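Counting convention: from 1, in listed order, for ligands and their atoms alike. Quick caveat: nothing in here was measured; it's all calculated off a predicted structure.
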Amino acid sequence: MHKRQTAIPLVDLQSQFRSIAIEVREAINVVLDSSEFVLGGAVESFEHDFADYCSAEYSVGVSSGTAALHLALRALDIGPGDEVITVPNTFIATVWAISYVGATPVFVDVDAETYNMAVDSVEQKITERTKAILPVHLYGQTADMDPICELAQRYGLHVVEDASQAHGAEYYSRRAGSLGNVACFSFYPGKNLGAYGEAGAVVTTDQSIAERVRQLRNHAQSERYVHSELGYNYRMDAIQGAVLGVKLRHLDEWNSNRRRVAVQYSQSLSGSDTIQLPVEAPHSKHVYHIYPILLESEKARDSLQDRLSDANIKTGKHYPIPVHLQQAYRWLEYFPGDFPVAEGVAKRELSLPVYAELTDEHVQHIADVISDWVG
Ligand SMILES: *Cc1c(COP(=O)(O)O)cnc(C)c1O
């Protein structure tokens, strides 16, 4: 009965593109006319604007969020024998980066309301090998950074933010990207700030980290054809820099529209005991990269997903297998039950459509289909 002609996607990059097509084509044309295709003026200009946006001193454009994480850990000289504390309910790239530098990921469970790092669990995981804490600002809400940074300071550890889902998110009015020693962003197309290809950035106020990342991303060249250490080709494309420069100007408006969608979902779905809605911590400005609801069980989650799919409404699961239970990390010897909150989120979470162009009418329709299912 809720069948619609047009599907409601989880994210809608086409309607966003239509709203900025002229600006984007102009910016790309400037790059084409310049023949400066890698790094160059468009990337530098975006780096400058994005550092400002994050209230940080430096931003270094790179080829992906994964590359940003890898370079941040390299710039902090984290390597074999070192441990990095992070969470198991994240996109796996957070943890790949720890493995790329040869360090060992150490997981802690997450908070049952915010799904972010459970700060109380961190201290007991610190050993003499621990070098950094790597919280993820999951779904668009920052982790509880003050106690994390305090703990890090007490033990002489670095704090690396994985801000890949949190462009513009705030913690006590401070932006994601300025909350730790160094922050990593992904501009994968579906992120709140997305390129038209692969891209990422390392953001910091520490000049030595910024300079090190700048060299490492470009084959560790101190000057042309002089390589002082193992480097990478992790440079940002000029076209991505140009696209991101245009899109950054719209980010605040898009984020406030995501918040409008979230408020409407939360109003329409409140009052149901069977659905746990996302909680915006009092200190926090959530930018709803994802609007996650938690159902009572995996079965209930999958059944609601099927019902929404029948109504032509796309949903997602972020993320159905926590990293500690992935085959790739079996050697770490974690087992089901080790991180009950993260495992519960993996089984029970359903991501509803959220993007700036989603209309009030569509949100209401989605909420009605859900209420019907609950009914
Ligand atoms: C998207 C994402 C990444 C990886 O970014 P890529 O640009 O796809 O390499 C890392 N961490 C988190 C939390 C992400 O959401």
Side-chain angles (χ1 to χ4, degrees), residues 10-11 13 43 46 50 59-74 84-101 105 107-108 110 114-117 132-143 145 159-169 176-177 179-180 182-203 213 217 232-237 239-241 243-244 247 255 258 286-292 316-324 326 328-329 342 345-346 349 351 354-355:
L10 189 57
V11 291
L13 298 178
V43 170
F46 169 70
F50 193 62
S59 148
V60 184
V62 298
S63 52
S64 71
T66 308
L69 287 156
H70 186 186
L71 291 179
L73 297 180
R74 275 294 317 273
V84 177
I85 296 174
T86 192
V87 292
N89 62 329
T90 181
F91 181 60
I92 198 158
T94 313
V95 188
W96 286 154
I98 300 169
S99 299
Y100 291 165
V101 299
F107 297 112
V108 297
V110 294
T114 63
Y115 319 128
N116 275 326
M117 182 174 272
I133 308 176
L134 204 179
V136 178
H137 303 322
L138 196 72
Y139 301 147
Q141 173 156 248
T142 58
M145 294 299 287
V159 177
V160 182
E161 299 171 69
D162 186 342
S164 298
Q165 304 188 0
H167 320 72
L179 305 172
V182 54
C184 305
F185 287 87
S186 165
F187 304 121
Y188 188 76
K191 304 291 162 109
N192 288 32
L193 179 61
Y196 289 155
E198 304 275 359
V202 177
V203 171
V213 169
R217 76 169 166 183
Y232 310 89
N233 177 355
Y234 281 170
R235 299 170 299 224
M236 185 187 276
D237 270 8
I239 286 177
Q240 304 313 332
V243 169
L244 289 165
K247 291 181 82 173
N255 279 344
R258 286 175 178 273
H286 199 314
V287 292
Y288 294 98
H289 173 58
I290 302 283
Y291 185 90
K317 299 174 182 174
H318 297 91
Y319 296 88
I321 306 173
V323 180
H324 69 287
Q326 293 283 353
Y329 282 109
V345 174
E349 188 270 347
S351 308
V354 54
Y355 45 90

- prompt: When the ring planes of Phe50 and Phe185 are compared, do they come out parallel, tilted or perpendicular, using 30° and 60° as the limits?
  reply: perpendicular
field: Gln240 side chain reached by Tyr196 side chain, heavy atoms, under 4.5 Å
entry: yes
- line: Sequence neighbours excluded, the answer for salt bridge (Lys or Arg N to Asp or Glu O under 4.0 Å) partners of Lys317 is Asp302
statement: Ranking Ser186, Ser164, Gly65, Ala195 by closest non-hydrogen atom to atom 12 (C) of ligand 1, top hit is Ser164
task: Please could you name the atoms of ligand 1 that Ser64 approaches to less than 4.0 Å, counting only its heavy atoms?
output: 7 (O), 9 (O)
query: In ligand 1, which numbered atoms sit nearer than 4.0 Å to a non-hydrogen atom of Thr94?
result: 11 (N)
- prompt: Once the angle between the rings of Tyr319 and Phe91 is folded into 0 to 90°, is it parallel (under 30°), tilted (30 to 60°) or perpendicular (over 60°)?
  reply: tilted
query: Residues in side chain to side chain contact (heavy atoms under 4.5 Å, CB included) with Ala97, at least two apart?
result: Leu69, Leu73
message: Tell me the nearest of His289, His70, Lys191 to atom 2 (C) of ligand 1, using heavy-atom distances.
response: Lys191
statement: Per-atom filter on ligand 1: closer than 4.0 angstrom to a heavy atom of Thr90 are 13 (C)
statement: The protein heavy atom nearest to atom 9 (O) of ligand 1 is Thr66 OG1, 2.4 Å
task: Could you tell me whether Ala93 approaches ligand 1 through its side chain, its backbone, both or neither, with non-hydrogen atoms closer than 4.0 Å?
output: side chain
- request: Write down the atom of Val110, the atom of Met117, and the distance for their closest heavy-atom approach.
  value: CG1-N, 4.0 Å
task: Look only at interatomic distance and state if Asp162 has a nitrogen or oxygen under 3.5 Å from any nitrogen or oxygen of ligand 1.
output: yes
